[in-house]
Peer 1: 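Submitted below is the structure of interest, expressed as C-alpha cells.
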2 protein chains.
Amino acid sequence: MKELLRTKGFKVTPQRELIFRSFFELGRHVTVDELYQKVREKDNSIGYSTVWRNLKLICRVGLAEEVNIGDGLTRYDRTTAAPHGHLFCRRCKKLLEFNVERIVGILAQAARENSFTLEGFKVEIQGLCEDCRRVPDRECDQGKAN
Amino acid sequence: MKELLRTKGFKVTPQRELIFRSFFELGRHVTVDELYQKVREKDNSIGYSTVWRNLKLICRVGLAEEVNIGDGLTRYDRTTAAPHGHLFCRRCKKLLEFNVERIVGILAQAARENSFTLEGFKVEIQGLCEDCRRVPDRECDQGKAN
DNA sequence: GCGACAAATGAAAACGACTTTCATTTTCAA
DNA sequence: TTGAAAATGAAAGTCGTTTTCATTTGTCGC
C-alpha cells in the first residue's frame with residue numbers, strides 16, 4: 001500500500017494512511033461525509049478537503065471508483081474483481097448490488113455496433129427495496145416544479 | 001397539449017407554451033441551459049427559473065424524464081416508447097442510444113431475486129465515440145486530487 | 001543526518017448547478 | 001367580471017464539490 005503510493009510518486013503521510021485505512025474499514029458505497037466522519041473519530045484535526053482529496057487519490061490509483069446515482073451525492077466504491085449493477089432504493093437510498101455477468105456481453109456488443117470504445121458501464125435499477133415497498137407513498141417523488 | 005395541462009390543473013401561459021414547444025424542437029438529452037438559450041432566442045424576457053420549472057413540469061406530466069450521467073449536468077429526454085441505454089463519450093460528452101430489449105428481462109429478474117420493486121432502470125456505457133477514439137489522450141481524466 | 005523542494009495539509013473561499021423565495025402578474029372557473 | 005390560485009422573473013439561497021493559499025511535512029540526493 002505504502003509502496004503503491006510511493007512508486008506512483010505520492011507521499012505517505014499519517015493523514016493519508018488513516019484515510020486510506022478508514023476507507024477500507026467502511027462498507028461499500030461510501031460518501032465523502034461518511035468517510036470524513038469516520039476519520040474524524042480517530043483524528044479530529046483532519047480537514048474535509050484532505051479527506052476529499054485522498055478519496056480522489058484512492059480512485060486515481062485504481063483502488064476505488066466513483067458511483068453516481070442521480071441523487072446528487074457521489075459515492076466511492078472500492079473496485080472489486082466482479083463488475084456489478086446497483087439496485088437503488090429511492091425511499092431509503094439503500095444501495096444493493098446484483099450480478100451483471102449476463103449483461104456485459106450485450107453491452108460489449110452494443111458498443112461494437114456503435115463504433116464505441118467501451119471503457120466502463122453502469123447498470124442501475126431504481127425502485128423500492130423490500131423494506132420500503134410495504135410503506136405507501138406519501139407524496140409525489142418527481143420534481144415538484146415549485 | 002394545452003388540454004393535457006389544463007386537465008391536470010396547470011395553467012397555460014405564453015411562456016409555458018414557448019418553453020414546451022422549444023423543448024420538443026430541440027433534439028434529445030437537453031440541458032436546462034440549452035433550453036434556456038433556445039427559448040431566449042424567441043423571447044429574451046423569460047427567466048431561467050421559469051424554464052427550469054417548466055422543464056420539471058414536462059417531466060411531471062410524463063413527457064420527459066431526467067437523465068443523469070455522472071458529469072454533474074441533468075439532461076432531459078423526451079419519453080419514448082422504447083426504453084434505451086446510453087453511450088456516453090467522456091471526451092466530447094456526446095450521448096448515443098442503444099437498444100436494451102435483451103437487457104430488460106435480466107433486470108426484471110434481478111429485481112425479483114432481490115425483492116425489489118423495479119420502477120425504472122439505467123444502462124449506460126462510458127467510453128469514446130468513433131470520432132474521439134482516434135485522438136489520443138492528452139492527460140489523465142480521473143480526478144486530479146489537486 | 002541535512003537541506004531543498006515538491007507535495008500534502010487545513011481553513012476558508014469559490015464554484016456551479018440546482019432550487020426556493022417573494023413581490024408582482026396572469027390565468028381561468030364561477 | 002373578478003377573486004383565488006398559479007405562474008413568472010429576479011435575486012438570493014442551498015449544497016456538494018473543488019480550488020486557493022499560506023504553512024507544514026515527506027522524500028531524495030548529498
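Chain identifiers are assigned alphabetically (A, B, ...) following the order of the sequence lines, protein sequences preceding nucleic acid strands; residue numbering begins at 1 within each chain.
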Peer 1: Can A:Glu41 and A:Gln37 be counted as having a side-chain donor-acceptor contact under 3.5 angstrom?
Peer 2: no
Peer 1: Would you say A:Arg53 places a side-chain N or O within less than 4.0 Å of OP1 or OP2 belonging to D:dT18?
Peer 2: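 The answer is no; no side-chain N or O of A:Arg53 sits under 4.0 Å from OP1 or OP2.
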Peer 1: Taking only residues two or more places apart in sequence or in another chain, which ones pass side chain to side chain donor-acceptor pair (under 3.5 Å) with B:Arg40?
Peer 2: B:Tyr36
Peer 1: Which protein N or O atoms sit under 3.5 Å from an N or O of nucleotides 13-15 of chain D?
Peer 2:
none

Peer 1: Hey, could you give me each pair passing salt bridge (Lys or Arg N to Asp or Glu O under 4.0 Å) that has a residue in residues 8-17 of chain A? Not counting sequence neighbours.
Peer 2: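 Residue pairs passing salt bridge (Lys or Arg N to Asp or Glu O under 4.0 Å), neighbours aside: A:Lys2-A:Glu17.
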Peer 1: Could you walk me through whether B:Glu66 and B:Tyr76 pass side-chain contact (heavy atoms from CB on, under 4.5 Å), step by step?
Peer 2: CA-CA 5 Å; B:Glu66 301 192 350; B:Tyr76 295 80; 3.5 Å; yes
Peer 1: According to salt bridge (charged side-chain N to carboxylate O under 4.0 Å, His left out), who are the partners of A:Glu124, at least two apart in sequence or on a separate chain?
Peer 2: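 Counting only residues at least two positions away or on another chain, A:Glu124 forms a salt bridge (charged side-chain N to carboxylate O under 4.0 Å, His left out) with B:Lys122.
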Peer 1: Nearest 0.5 Å, what's the CD1-CD distance between B:Ile106 and B:Gln109?
Peer 2: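 Output value for this atom pair is 8.0 Å.
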Peer 1: Under 4.0 Å, heavy atoms only, any strand: does A:Thr74 hit a base, just the sugar-phosphate, or nothing?
Peer 2: sugar-phosphate
Peer 1: So does B:Lys56 get a side-chain nitrogen or oxygen closer than 4.0 Å to the phosphate oxygens (OP1/OP2) of C:dC18?
Peer 2: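 It does not, given that no N or O in the side chain of B:Lys56 lies less than 4.0 Å from OP1 or OP2 of C:dC18.
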Peer 1: Name all residues meeting the salt bridge (charged side-chain N to carboxylate O under 4.0 Å, His left out) criterion together with B:Lys94; count only those two or more places apart in sequence or in a different chain, and write none if there are none.
Peer 2: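 With neighbours one apart ignored, the set is B:Asp131.
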Peer 1: Under 3.5 Å, sequence neighbours excluded: what are the donor-acceptor pairs made by side chains of residues 67-74 of chain B?
Peer 2:
from, atom 1, to, atom 2, distance (Å)
B:Asp71, OD1, B:Leu73, N, 3.2
B:Asp71, OD1, B:Arg75, NH2, 3.3
B:Asp71, OD2, B:Arg75, NH2, 2.5

Peer 1: In this structure, how many angstroms lie between the P atom of C:dT26 and the CZ atom of B:Arg6, rounded?
Peer 2: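 These atoms are roughly 17 Å apart.
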Peer 1: For the hydrophobic clusters of this structure (ILVMFWY residues joined by side-chain heavy atoms under 4.5 Å, transitively), does one cluster hold both B:Leu55 and B:Leu26?
Peer 2: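 Yes, same cluster.
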Peer 1: Please identify each residue that fulfils ring-ring contact (aromatic ring centres under 6.0 Å, His included) with B:His29, with sequence neighbours left out.
Peer 2: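 So B:His29 forms a ring-ring contact (aromatic ring centres under 6.0 Å, His included) with B:His86.
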Peer 1: Mind running a 4.0 Å heavy-atom check of residues 41-49 of chain A against DNA chain D and sending the residues that fall below it, in number order?
Peer 2: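 Contacts with DNA chain D under 4.0 Å: A:Tyr48, A:Ser49.
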Peer 1: Could you tell me which non-hydrogen atom of B:Arg91 sits nearest to which non-hydrogen atom of B:Cys132, and how far apart they are?
Peer 2: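 Result for this residue pair: CG-SG, 3.4 Å.
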Peer 1: Who are the salt bridge (charged side-chain N to carboxylate O under 4.0 Å, His left out) partners of A:Lys42, not counting sequence neighbours?
Peer 2: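 Residues passing salt bridge (charged side-chain N to carboxylate O under 4.0 Å, His left out) with A:Lys42: A:Glu25.
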Peer 1: Using five pairs at each end of the helix from C:dG1-D:dC30 to C:dA30-D:dT1 to define an axis, what is the angle between those two axes, to 10°?
Peer 2: 30°
Peer 1: Under 4.0 Å from any atom of DNA chain D, heavy atoms only: list the residues of residues 8-19 of chain A that qualify, in numerical order.
Peer 2: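 Under 4.0 Å from DNA chain D: A:Lys11, A:Val12, A:Pro14.
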Peer 1: Could you tell me which residues satisfy salt bridge (charged side-chain N to carboxylate O under 4.0 Å, His left out) with B:Arg112, sequence neighbours excluded, listed by chain and number?
Peer 2: none
